[in-house]
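Below: the structure, in structure tokens.
By convention here, the first residue in the shown sequence is residue 1.
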Amino acid sequence: MTPVVDIAGLSVAYRRGDVRVQALDAVDLAVAPCESVGIVGESGSGKSTLGMAVGRLLAPNAAVEGGDVRVEGRALVALAPAELRRVRRDRLGFVYQNPMSALDPTMRVGRQVALVLGSEARGDAIEALLARVGLPEPGRVATSFPHELSGGMAQRVVIALAVARSPAVVVADEPTASLDATLKGVILDLLDAQRATTGASLLLLSHDLRSVARRCARVAVMYGGRIVETGASTRVFEEPRHPYTRALLRAAPGQERLGQMLEPIAGVPAVLHEPARACAYAPRCDRAIDRCRIERPLERMVDGRVVACHRAEEERATRRAGATA
């Protein structure tokens, strides 16, 4: 099956003056049609850069230094501006962290929806789309400005805009970060339902490991601009093979027992100024050995998932020995 998104060897760096930051370091990721993939990791791991690269929406100071991104076979890095706009409009949908900054504050909601649907869009089509994402009184919402809506309502409008043209891919970058905790599950369920209705693939970029585990069939764990572990969500979260994945799970709230303390990850996330020549996680890893500090780990298949860790097989053997003891 041909991937709907095919990211191959993608390297992206940001520059500000003489300072260079390596945001993506030869990332490979393929997303199948209708597949839901979660991208998890700490702030600075490269999640948002990867998500924005899918639409070639990188900041002006970002440079693609290697690799490519293909959407339905089209190579975006070399695509002409007019064709790129058509791909963004017709085949890609984006849901951002802050709905208020994603919507035009000077334009009524209905007008913004009409611009996405096309010049032939009528009032009933606009209201039908707003009703589809669970907005009460869609006629009133259509005549409102964004500032007249609650955060949850505004995010529903953003989801409506993202799926309006039945895109091939929806990229959701921390779509509940600015919402009340009571709304987070509702919005994520809505996003997943709309993805399924349109047949789109979903890239969900999130810190919330539990939400990703419930809604994404596959997960990719990022650190230092690389994907360090990827595979089926159930396998990766139940039996992680990379030390960073295990550390994320130990630090994630929601599964702790009464009185149990969460374990924060020691140290601070890596800030790389060039492609990593060793394991970027080694300075924070409690299982690092000398090899980790001098040799870049290559991605390889271990227990049905791809892992970039020198000790992945050793960890598998240790766990199996413990299970049979």
Side-chain angles (χ1 to χ4, degrees), residues 1-15 20-33 35 37-42 44-80 83-84 87-88 91-92 168-169 171 173 201-205 216 218-231 236 241-242 244-245 269-282 292 294-302 304-310 312:
M1 182 180 295
T2 303
V4 66
V5 175
D6 191 4
I7 300 169
L10 187 64
S11 294
V12 175
Y14 292 100
R15 292 184 181 274
R20 178 184 184 279
V21 175
Q22 189 77 41
L24 296 180
D25 185 0
V27 172
D28 295 317
L29 181 67
V31 181
E35 185 182 22
V37 179
I39 312 291
V40 301
E42 296 168 285
S45 62
K47 302 189 305 298
S48 292
T49 299
L50 184 63
M52 293 304 98
V54 172
R56 218 175 89 184
L57 291 168
L58 297 169
N61 65 328
V64 176
E65 299 186 333
D68 201 356
V69 179
R70 291 180 177 270
V71 174
E72 297 183 311
R74 298 182 182 91
L76 298 191
V77 171
L79 211 58
E83 182 61 21
L84 179 61
V87 171
R88 288 173 180 161
R91 309 310 296 151
L92 297 173
V169 185
V171 179
D173 186 2
S201 298
L202 173 66
L203 275 177
L204 176 59
L205 286 53
C216 296
R218 189 156 59 97
V219 63
V221 181
M222 292 197 70
Y223 187 82
R226 297 186 70 190
I227 294 177
V228 297
E229 183 167 4
T230 183
V236 170
R241 289 291 177 259
H242 196 285
Y244 180 61
T245 308
V271 178
L272 303 177
H273 301 289
E274 61 182 11
R277 299 179 181 179
C279 176
Y281 185 61
C292 303
I294 60 174
E295 181 183 336
R296 179 185 176 100
L298 301 178
E299 298 89 348
R300 59 194 184 281
M301 186 68 70
V302 180
R305 84 288 304 272
V306 178
V307 187
C309 177
H310 292 307

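- Residues Met222 and Val40 have side chains not in contact (no heavy-atom distance under 4.5 Å, counting atoms from C-beta outward).
- A donor-acceptor pair under 3.5 Å links the side-chain atoms of Arg300 to the main chain of Cys309, judged by distance alone.
- A donor-acceptor pair under 3.5 Å links the side-chain atoms of Arg305 to the main chain of Val302, judged by distance alone.
- Using a 4.5 Å heavy-atom cutoff, the side chains of Met52 and Lys47 are not in contact.
- Between the side chain of Ser11 and the backbone N or O of Ala26, at least one donor-acceptor pair lies under 3.5 Å.
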task = Would you please test Arg74 and Val87 for side chain to side chain contact (heavy atoms under 4.5 Å, CB included) and show each step?
result = CA-CA 9 Å; Arg74 298 182 182 91; Val87 171; 3.6 Å; yes
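- In this structure, Leu204 and Val171 have side chains that are not in contact, with every pair of non-hydrogen atoms separated by 4.5 Å or more.
- Within the 4.5 Å cutoff, the side chain of Leu29 has heavy atoms near those of the Ile227 side chain.
- Val64 places a side-chain heavy atom less than 4.5 Å from the side chain of Leu10.
- Put simply, the side chain of Asn61 gets close to the backbone of Arg15: a donor and an acceptor are under 3.5 Å apart.
- The closest donor-acceptor contact from the side chain of Arg56 to the backbone of Leu79 lies under 3.5 Å.
- Glu35 has its side chain out of reach of Leu202: every pair of non-hydrogen atoms, C-beta onward, lies at least 4.5 Å apart.
- Interatomic distance, Leu58 CG to Tyr14 OH, rounded to the nearest 0.5 Å: 5.5 Å.
- Closest approach of Ala312 and Val307 over heavy atoms only: CB-CG1, 3.9 Å.
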Stepwise side chain to side chain contact (heavy atoms under 4.5 Å, CB included) check, Asp173 with Ser48 = CA-CA 7 Å; Asp173 186 2; Ser48 292; 2.9 Å; yes
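- Here the side chain of Thr230 pairs a donor or acceptor atom with the backbone of Val219 at under 3.5 angstrom.
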Does Asp25 form a salt bridge (charged side-chain N to carboxylate O under 4.0 Å, His left out) with Arg277? I'd like the steps, not just the answer. CA-CA 11 Å; Asp25 185 0; Arg277 299 179 181 179; over 6 Å; no
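- At distances below 3.5 Å, at least one donor-acceptor pair connects side-chain atoms of His310 with backbone N or O atoms of Glu295.
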- Query: How far apart are the C-alpha atoms of Val31 and Val169, what are their side-chain angles, what is the distance that settles it, and do they pass the side chain to side chain contact (heavy atoms under 4.5 Å, CB included) test?
  - Reply: CA-CA 9 Å; Val31 181; Val169 185; over 6 Å; no
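- Nearest approach of Val69 to Val54, heavy atoms of both residues: CG1-CA, 4.0 Å.
- Here the closest non-hydrogen pair linking Ala168 and Glu72 is CB-OE2, 3.4 Å.
- Remark: the backbone N or O of Glu42 is paired with a side-chain donor or acceptor of Ser45 at under 3.5 angstrom.
- Nearest approach of Glu299 to Ala308, heavy atoms of both residues: CG-CB, 4.1 Å.
- Residues Ala62 and Val12 approach most closely at CB-CG1, 4.1 Å, considering heavy atoms.
- Contact check for Arg88 versus Leu57: side-chain heavy atoms found under the 4.5 Å cut-off.
- Residues Tyr281 and Val228 are not in side-chain contact: their nearest non-hydrogen atoms beyond the backbone lie 4.5 Å or more apart.
- Taking every heavy atom of both residues into account, Ala270 and Ala280 meet most closely at CB-O, 4.1 Å.
- The main-chain N or O of His273 is found under 3.5 Å from a side-chain atom of Arg20 such that the two form a donor-acceptor pair.
- With hydrogens and angles disregarded, no donor-acceptor distance shorter than 3.5 Å links the side chain of Asp68 to the backbone of Ala75.
- With hydrogens and angles left out, the side-chain atoms of Glu229 and Tyr223 include no donor and acceptor closer than 3.5 Å.
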